[in-house]
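In what follows, every heavy atom counts, from backbone to side chain, and hydrogens, waters and symmetry copies are set aside. Numbered from 1 within each chain, the chains take letters A, B, ... in sequence-line order.
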Amino acid sequence: MDEKYFPEKIEERWQKFWEESGAFEADADASREKRFYCLEMLPYPSGFLHMGHVRNYSIGDALSWFRRLQGFNVLHPMGWDSFGQPAEQAAIKRGVMPREWTEKNIEHMRGQFKRMGFSFDWRREIAAHTPEYYKWDQWFFLKMLERGLAYKKVSPVNWCPAEGTVLSNEQSSGGVCWRCGAAVEKRDIEQWFLRITDYAERLLEDMSEIEGGWPERVLTMQRNWIGRSEGAYIDFQVKDTDERVRVFTTRVDTIYGANAVVVAPDHPLIEHSPMKEDVRRFAERVRAERAAAREPGALEEKEGINTGLLAVNPFSGELIPVWAGNYVLTEYGTGAVMSVPAHDERDFEFAQKYSLPIRRVIERISHEQPPAERDPEVEDQSVAMSEAFTEYGILVSSGDWSGKLSEDAIREMAEFAESRGFGERAVTYRLRDWGVSRQRFWGAPIPIIYCDACGIVPVPEKDLPVVLPERAEFTGAGQSPLAGVPEFVNTTCPKCNAPARRETDTMDTFVDSSWYFFRYCDPKNPDAPFDREKAAYWAPVDQYIGGVEHAVMHLLYTRFWTKFMRDVGLIDFDEPVRRLMTQGMVVAETFYREGEEPGSKVYFNPSDVDAVRDDKGRVREATCVADGQPVMVGPFEKMGKSKNNGVDPNDMITAYGADAARMFVLFAAPVENDLRWQEAGIEGSLRFLRRVYSFVYRWREVLRDVPRDVAGEVSPEARRLRHETHRTIERVTNDFEGLRYNTAVAAMMELLNVLAEVEVKSGLLDFFGGRGARELVWPPNLRASDEEIRKLELSAVRETLEALVLMLAPFTPHLSEELWEALGHAGGMLRSGARWPAFDETLARREQVEIAVQVNGKLRGRVLVSD
RNA sequence: GCCGGGGUGGCGAAAUCGGUAGACGCAACGGACUUAAAAUCCGUUGGCCGUAAGGCCGUGCGGGUUCGAGUCCCGCCCCCGGUACCA
């Protein structure tokens, strides 16, 4: 053992040891009931790790170690979300094939992960872009097709007319093509969809199973995303036609106040309008405005046009006009609404603009007087009402329904409509089916063949996987590169053997990540996505850790996929993840210069920038290291490639060691908070580790022969040390359960401070030559009686140091291994059966005294005071 | 607008059950050691008044409950995230 702490040397040594001894390899073992599946969201192999990754995987790694030390059989795997657009862009820009680019990145990042010393079971590594993996994406797709859950329909994509290519939402932000700047158009093409809407109800219901384990805000976001709303369909007969127009409403109770039916501009009913041509022009304009809208949030003014049609209110028999309006969405409900301006803000605004009559049919419930009946024929509240009354209340001017409460009327009127055949109770969702087609090369090919004679033919299971070709032309323009590879496209029909064409769309990468953690349970299985028994042992995931940006899409798709897997009998539970932790982003300063294109920016990596800071740490001036020219200081942004503000963990490892870097990112802030990256604080973590190291170094010889527990009296200092040690164990253990790593670290720092104090006060340090002595050796001339006394003290010191080393292991595994060995345990912590320290209840408890509080001689309460 | 989460020193933060507000760390300042620097160690560090002992104020703002409120209740202000005409 060196006198000084040399992180790199220690880290290299133990990483080698772990690898050779297979320390983190875990297998399903029915005899080990205590098992734990710890999972972090798998990374996209962009090329380099940054501190954001370090944080994410440090959180999970700490928990994995904690559970291992508690005797759990821990599955902690790692893999790559290796399909996706950046690989294709690299191909376009640099001509390097996506697979080559991706695999080079993976190799580099795997090396970085290993240098961080994360305790992954690397035998289980998976990558989405390997045929062994995406074969099962395709297999699942076929299973969904079999069950009618995969289907094809026409749906719009973003289209760049200049390059003749499909763009993602991101690539067409601002309504222009990100490469050539041409105005983006919508184009309708046939695409594959998965019927996630069939699972909407279960996705909502099963939330009760994970409540408490998932952050409330994630559950809320999912609930809103699914957007269940209960109401009724009501059919309005259209005058002089055989058509009925069906509307969806959550407020049937307001139907006597309907002044119009408003349909979406492209509603089929328009066909019957005498003003067909005008309405069409209106629809065309609305579509163009939508496409040009820069921000999705920008609300247009409500506009509409009278179609000239009249509809019959089935409740009142009244004739009301049919309008087309830009605020009615084709995709939601039935694409038609009844307009009740008195009780709906949007309808109110619309009615104001076009001077449509406003009729109030709901009154606030009043206890003083019954609501006044208004004359339905003449009542117009256009002036009286300054805004819509959207609350529930009591019905007025509503025929036989007047006097009823909204709650009751909503139910009863829907039932009435149902019994008379002009409507039904209904539930609608905001959730849309999941479009999985991508007009891209770098994804799992959709296993479908088109035959002129047989139509759409699924690829037979025995022919899976449909393998991506090695090479293709990547121009960034025109059709998908896959469509330009004849060897891929041309095939024969599995049914009739005639020449046929393959589907050239690939799958959304969310498909890959919807079930990958099941594959980890059985990563090499050639015959099934995974073995039932193995998955039953490990899954569901006990703790999942990742960014909140995946709160909706990924986590919803994953829940959907899990339910589907249950339906096909692969597993027997509904929810994939018991506990979810959404960690905050690591953000860092950005530095840039104006680029050549107007508005474009060239970003500099912080390591290439010299920054002059004020005393508050803000950058006052920055210059580029390479050319000495000034650079602009941008805002703090999420670390990543796009802003080039990623801090390379390799630099941190070189300067401070992986252990200090890992501990610092966990100590600096609660894991759910965003973390502003600044290197300054990491020094403090290193200082702490150095102190721990030098304590063990100083005491190691002496402590080897000292038992951990000694009965009998001890000095006040030793008693205090034992008390503090057990109190700390209790605190740290609880903090780990709640992933409160920052306070866990703080508690251990406090314990070390106590130890330092005790060392001085007890005279122990003096015994070895006093404060400042750097190399302490047990004196050979020590008398026996002294030794007895010292053992009493030292047993407490030993217990404290061992507990500290063990509790630090999840943060600083390399250092802990080294110190554990120095304290006389051979063979590595996990092999030698090191266990998380148990706290002694009586030692950990503080004595509490109840004090009566008296005011003017009267007892006013009691207070518990700790010693 | 709606939904969710927040607002505590110069900074990151702590206070898990209503009970000493600011643990732990960073930065800063002072000291020891050193030819010097680094490293290390010791000390000070919410604000105001005071030589001191000590006192007063202090958890976004205004009220309330309570012997006691950062914590509970009511009303506001501000920030962050999600969402966007969902009928």
Side-chain angles (χ1 to χ4, degrees), chain A residues 4 215-225 227-229 231-232 247-252 254 262 264 295-302 325-329 331-340 343-347 349-350 390 428-432 548-549 551-552 582 584-585 613-618 663-664 667-670 672-685 687-688 690-691 694 731 734-735 737-738 740 742-753 756 760 771-772 774 848 850-856 858-866:
Chain A
K4 289 253 160 61
E216 194 49 50
R217 62 171 171 159
V218 173
L219 293 176
T220 316
M221 278 157 83
Q222 293 216 349
R223 232 175 253 125
N224 293 344
W225 190 263
R228 181 182 200 274
S229 78
V247 306
F248 176 72
T249 177
T250 55
R251 295 294 303 272
V252 212
T254 65
V262 186
E295 272 144 54
L299 295 186
E300 317 141 38
E301 197 181 339
K302 288 184 180 46
N326 64 348
Y327 72 103
V328 179
L329 304 173
E331 327 80 65
Y332 185 78
T334 58
V337 302
M338 62 182 203
S339 169
V340 186
H343 304 292
D344 181 282
E345 282 167 24
R346 296 153 301 181
D347 296 340
E349 208 184 306
F350 192 69
T390 58
T428 62
Y429 300 90
R430 200 195 86 114
L431 184 69
R432 303 267 75 90
V548 71
E549 63 271 25
V552 178
T582 48
M585 296 181 291
R613 291 170 191 279
D614 62 16
D615 52 358
K616 286 187 178 149
R618 287 176 303 223
M663 194 179 95
F664 175 65
F667 171 60
E672 53 273 302
N673 286 19
D674 282 353
L675 176 62
R676 281 189 166 205
W677 177 254
Q678 11 178 330
E679 215 175 304
I682 193 168
E683 274 288 346
S685 296
R687 260 199 286 271
F688 169 68
R690 276 206 279 253
R691 280 180 82 199
S694 68
R731 282 171 69 189
N734 290 338
D735 283 347
E737 294 292 348
R740 291 181 296 268
N742 56 325
T743 48
V745 174
M748 288 192 271
M749 287 175 166
E750 280 179 67
L751 182 59
L752 187 68
N753 290 343
V760 175
R771 186 149 281 292
R774 285 287 161 263
Q848 294 199 314
E850 199 176 63
I851 297 173
V853 176
Q854 298 192 352
V855 176
N856 298 333
K858 264 170 61 186
L859 179 71
R860 299 304 303 267
R862 290 173 186 283
V863 181
L864 276 179
V865 180
S866 307

Within this structure, what is the [atom1]-to-[atom2] distance between [X] and [N], rounded to whole angstrom?
X         : N      : atom1 : atom2 : answer
Met221(A) : G5(B)  : CE    : P     : 12 Å
Lys302(A) : C86(B) : NZ    : C1'   : 13 Å
Glu345(A) : C2(B)  : CD    : C1'   : 10 Å
Met663(A) : G12(B) : CE    : C1'   : 14 Å
Glu216(A) : C3(B)  : CD    : P     : 14 Å
Lys4(A)   : A38(B) : NZ    : P     : 16 Å
Phe667(A) : A23(B) : CZ    : C1'   : 10 Å
Asp674(A) : G7(B)  : CG    : C1'   : 15 Å

[N] to [M] separation - [atom1] atoms, rounded to the nearest Å:
N      : M      : atom1 : value
C78(B) : C67(B) : C1'   : 34 Å
U8(B)  : C80(B) : P     : 14 Å
U45(B) : U34(B) : P     : 28 Å
C3(B)  : C76(B) : P     : 13 Å
G9(B)  : G60(B) : P     : 8 Å
C41(B) : A14(B) : C1'   : 26 Å
C57(B) : G68(B) : P     : 15 Å
C26(B) : G6(B)  : P     : 28 Å

Need one value for [X]: base, sugar-phosphate or nothing, where a base atom within 4.0 Å counts as base even if backbone is also close, heavy atoms only.
X         : answer
Arg223(A) : nothing
Asn734(A) : nothing
Gly333(A) : nothing
Asn742(A) : sugar-phosphate
Pro670(A) : sugar-phosphate
Val328(A) : base

Which nucleotide, [options], lies nearest any side-chain atom of [X]?
X         : options                : answer
Thr250(A) : U40(B), A87(B), G25(B) : A87(B)
Asn753(A) : G81(B), C24(B), C11(B) : C24(B)
Arg217(A) : A23(B), A87(B), G4(B)  : G4(B)
Arg430(A) : A84(B), A87(B), G4(B)  : A84(B)
Leu329(A) : A13(B), C26(B), A87(B) : A87(B)
Asn673(A) : U16(B), G12(B), A13(B) : A13(B)

Straight-line distance of Phe664(A) CZ to Gln678(A) CD, nearest 0.5 Å:
7.0 Å
Assigned glycosidic conformation for G4(B) [threshold 90° from 0]
anti
Per the glycosidic torsion and the 90° limit around 0, nucleotide C17(B) is syn
Does [N] pair with anything, Watson-Crick or G-U wobble, both distances under 3.5 Å, and if so, with which nucleotide?
N      : answer
C61(B) : G75(B)
G81(B) : C3(B)
U44(B) : A28(B)

Do the side-chain N or O atoms of [X] get closer than 4.0 angstrom to the phosphate oxygens (OP1, OP2) of [N]?
X         : N      : result
Arg691(A) : C41(B) : yes
Thr428(A) : A87(B) : no
Arg687(A) : C41(B) : no

Contact nearer the 5' end of RNA chain B, comparing Gln678(A) with Asn224(A)
Asn224(A)
In terms of the nearest nucleotide of RNA chain B, which residue is placed more toward the 5' end: Met585(A) or Ala746(A)?
Ala746(A)
Between Arg217(A) and Glu672(A), is there a side-chain N and carboxylate O pair less than 4.0 Å apart?
no
Arg346(A) side chain vs Val328(A) backbone, donor-acceptor pair below 3.5 Å
no
Counting only N and O atoms by type, is there a donor-acceptor contact under 3.5 Å from the side chain of Asp674(A) to the main-chain atoms of Gly584(A)?
no
If you draw the axis of the six-membered ring of Tyr327(A), does the NZ or CZ of Lys302(A) fall within 45° of it and under 6.0 Å from the ring centre?
yes
Assess the residue pair Thr743(A) and Arg731(A) against the criterion (side-chain contact (heavy atoms from CB on, under 4.5 Å)); give the C-alpha distance rounded to whole Å, side-chain angles, the decisive distance to 0.1 Å, and a yes or no.
CA-CA 9 Å; Thr743(A) 48; Arg731(A) 282 171 69 189; 5.9 Å; no
For side-chain contact (heavy atoms from CB on, under 4.5 Å), just list the numbers for Asn753(A) and Arg691(A), CA-CA rounded to whole Å, side-chain angles, deciding distance to a tenth of an Å, and then say yes or no.
CA-CA 10 Å; Asn753(A) 290 343; Arg691(A) 280 180 82 199; 2.9 Å; yes
Got a sec: does the CZ of Arg228(A) have more than 12 other heavy atoms crowding it under 6.0 Å?
yes
